[in-house]
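Nothing here was measured: the structure is a model prediction, and the numbers come from that model. Numbering starts at 1 and runs along the sequence shown.
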Amino acid sequence: MLTLFSAASAGAADSLDIRSACWASGSLSEDIITVARQEERWSCGGREFSIHAERVLLRFDVAADDVLPRYLFSRRSALEAVHLFVFDRDGSVRQNRIPASALASSIMGGYFKASLPEVTRQTRQIIVAIDMPSHTMTLERAYLAATDAVDGTGDTRFLIVLAGLAGMLVMPLIFNAAFYRILREPFVLWHSALTLSLLMTILVSSGLSVILFDPPAMALSWMTTLIFGLTVGAGAMFTYSFIEPGLMHPILRRLLPYCALWAMSLSMFHAAFPFVARSAQTSAYTAAFAPVLAIFIVSMIDALRRGSRAARFQAIGYTPIVLVGLIRLVTGIVPGLQSNDAMLLFYIGCVCEVLFTTLGVAERFVTMKRERDRARDEAELLERLSETDPLTGLFNRRAIERQFNQLRAEGFDALAVIDIDHFKTINDRNGHGVGDEVLKSVASALQTGPTVRAYRLGGEEFVLLLCGSDAELQAELRRQAIPVVVAQTVSGLAWPVTASMGFANLAGNESFARLYERADKLLYEAKSAGRNRSANETKSSFNGLPDDGEMILRTD
């Protein structure tokens, strides 16, 4: 679509505009009319313009059947002033001088326009004098036309396509905002900066800027230069942060930030001081980007050779933009070639950049998110393993110390310490295998639930964290269930397995260590009172069978 509309508009323009026939040069002190009337000063038949002189004159011959022009159009670049002279066949001359700051922007993207003095059927020639031109394109692309929009339908369609392209560039900004909320990676920000700079380039280099806010032509000229440097800089930093670690040579990766700084510094200097070395500055400015382009190409090749998936998307998306850079570089520094900014290819490159680098960002985002989720799951698994008793499956002391503050805030305000009575004797008489089975049965009897959390602190000692008004009753029921559950699940025991318990309520915001210390002291009181019983801070409960080692419970 871009090619079709561009060709249609260009064809219409070529059929209606008037191109310069000859050019001459002079100094600012010379009289323009005098120079114009000196035939020996004019060079005709060629398009190799020079900007070494302070002033360059262009001569346009108006034929009898030409559509009478009203405007001068030419590519925007830094200059001081434009002088317009209309010579009639009777020798009369009408003139107009427009300073650079007063030049208007044309609906033709990247062009300025200047209103001609009155042109009639008696007009024979139009002389245009440009003071201090800084780019040969201003001379090469100059033409006269009757209207700003030569082919209204074609220009409108082309602007609609560019507006659609601008809309495409907005979408990655929205996607990146969503991506960055989930995965805060710098390449997402640099891709947003790159996309935004491309969007701004389209606006300032096309007629969209004239339709939207109609800025002066010279303002758009220096804005274009600045934005170009930002685009190159953002592209270099995007590559620096986007290519996966280890898949680009370290030296190349370190050079990319310097390339970004170099590009932005060049553009700022060229925009702020366009006349420092006017005759050679534009060529030098263009040539200064050659190392940046070379480093980028080598970086892409190196990353592709190392197997970078991100580089595949970037290489495809950037290929048209790289070609634009090569065209501008070659035509800008090779003598005898007319400068070519390859804007049509640039617009096509914007489409490719949007499609492929956004796909690359999305693919990299999904990959990194998957890796991050896998690492987080592994970390959580390791954390759970480190906080879980491998024998009983209950949480351990490390877990209760980490969870205590949160559980306390949720209302868990009671703690019970439970210890199996004479557990060492069980191990000595029945073996450690049976002892392990007893521990697992005790863990099963403790029955964790919404109001009860069970932990094994080590050996035969267990802890319950409880909430609710019946917390002590819940703890006591679990303690009394231990002999029954163990008898049902572990065979070969000579006497019932009982447990003692110390129970304490939380006092204010005391720590786990303090609460545990009080409950553990009560546990020893219960054991000293004969075991198989509970003790709290207000009374002692003597429950279950006497534990004197003489009574035997048959489990068969």
Side-chain angles (χ1 to χ4, degrees), residues 17-63 69-104 111-120 122-145 216-218 221-222 270 273-285 335-336 338-339:
D17 61 33
I18 301 172
R19 301 283 171 172
S20 62
C22 304
W23 69 279
S25 60
S27 65
L28 296 180
S29 59
E30 292 182 283
D31 179 67
I32 296 176
I33 295 180
T34 301
V35 174
R37 288 173 174 169
Q38 296 174 358
E39 286 297 328
E40 67 277 7
R41 302 280 293 268
W42 291 97
S43 175
C44 303
R47 305 293 295 177
E48 295 183 9
F49 299 95
S50 172
I51 59 172
H52 285 82
E54 296 177 323
R55 174 179 288 156
V56 177
L57 283 68
L58 302 176
R59 188 173 73 192
F60 300 83
D61 296 328
V62 180
R70 295 177 55 200
Y71 302 101
L72 164 73
F73 298 91
S74 190
R75 291 291 295 184
R76 292 191 303 255
S77 67
L79 52 86
E80 285 191 353
V82 175
H83 304 265
L84 305 166
F85 295 84
V86 174
F87 290 82
D88 287 344
R89 289 178 173 80
D90 60 3
S92 60
V93 179
R94 293 178 293 281
Q95 60 181 324
N96 189 16
R97 180 184 182 277
I98 304 175
S101 58
L103 289 172
Y111 281 69
F112 70 80
K113 70 176 179 180
S115 297
L116 297 171
E118 182 184 7
V119 179
T120 68
Q122 298 301 314
T123 299
R124 175 175 57 88
Q125 287 180 342
I126 297 174
I127 303 296
V128 174
I130 300 175
D131 293 347
M132 305 294 288
S134 62
H135 202 298
T136 56
M137 286 181 65
T138 304
L139 310 175
E140 295 166 351
R141 303 293 180 86
Y143 69 94
L144 308 179
M218 292 300 104
S221 179
W222 65 259
H270 190 56
F273 308 102
F275 303 118
V276 172
R278 182 182 55 84
S279 61
Q281 182 170 332
T282 299
S283 296
Y285 167 72
Q338 288 194 4
S339 299

[Y] backbone acceptor or donor facing [X] side chain under 3.5 Å:
X      : Y      : answer
Asp88  : Asp90  : no
Arg55  : Ile32  : no
Ser134 : Ala78  : yes
Arg278 : Ala53  : yes
Arg75  : Ala142 : no
Ser283 : Ala280 : no
Arg59  : Cys44  : no
Ser74  : Thr138 : yes

- Message: Between His270 and Gln281, is there a side-chain donor-acceptor contact under 3.5 Å, judged purely by atom types and distance?
- Response: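 Short answer, yes.
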Are the side chains of [X] and [Y] in touch, meaning some heavy atoms are under 4.5 Å apart?
X      : Y      : answer
Thr120 : Arg94  : yes
Pro99  : Arg97  : yes
His83  : Asp131 : yes

Can you give me the closest heavy-atom contact between [X] and [Y], atom names plus distance?
X      : Y      : answer
Val56  : Ser50  : CG2-O, 3.5 Å
Tyr143 : Tyr111 : CE2-CE2, 3.8 Å
Leu84  : Ala114 : CD1-CB, 4.0 Å
Ile127 : Ala36  : CG1-CB, 4.2 Å
Thr136 : Ser339 : OG1-OG, 3.4 Å
Ala129 : Leu57  : CB-CG, 4.0 Å

Below 3.5 Å, can you tabulate the donor-acceptor pairs from side chains in residues 20-29 to any protein atom, sequence neighbours excluded?
| unit_1 | atom_1 | unit_2 | atom_2 | d |
| --- | --- | --- | --- | --- |
| Ser20 | OG | Arg47 | NH1 | 3.1 |
| Ser27 | OG | Ser29 | OG | 3.1 |

Could you measure the distance from the [atom1] atom of [X] to the [atom2] atom of [Y]? Nearest 0.5 Å is fine.
X      : Y      : atom1 : atom2 : value
Arg141 : Arg19  : CZ    : CZ    : 8.5 Å
His135 : Tyr285 : NE2   : OH    : 9.5 Å
Ile98  : Phe112 : CD1   : CZ    : 8.5 Å
Leu144 : Asp61  : CG    : CG    : 10.5 Å
Asp31  : Gln38  : CG    : CD    : 9.5 Å
Ser221 : Leu103 : OG    : CG    : 10.5 Å

- Message: With a 6.0 Å cut-off (strictly less than), is the heavy-atom count around CZ of Phe275, excluding the residue itself, greater than 12?
- Response: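 Yes.
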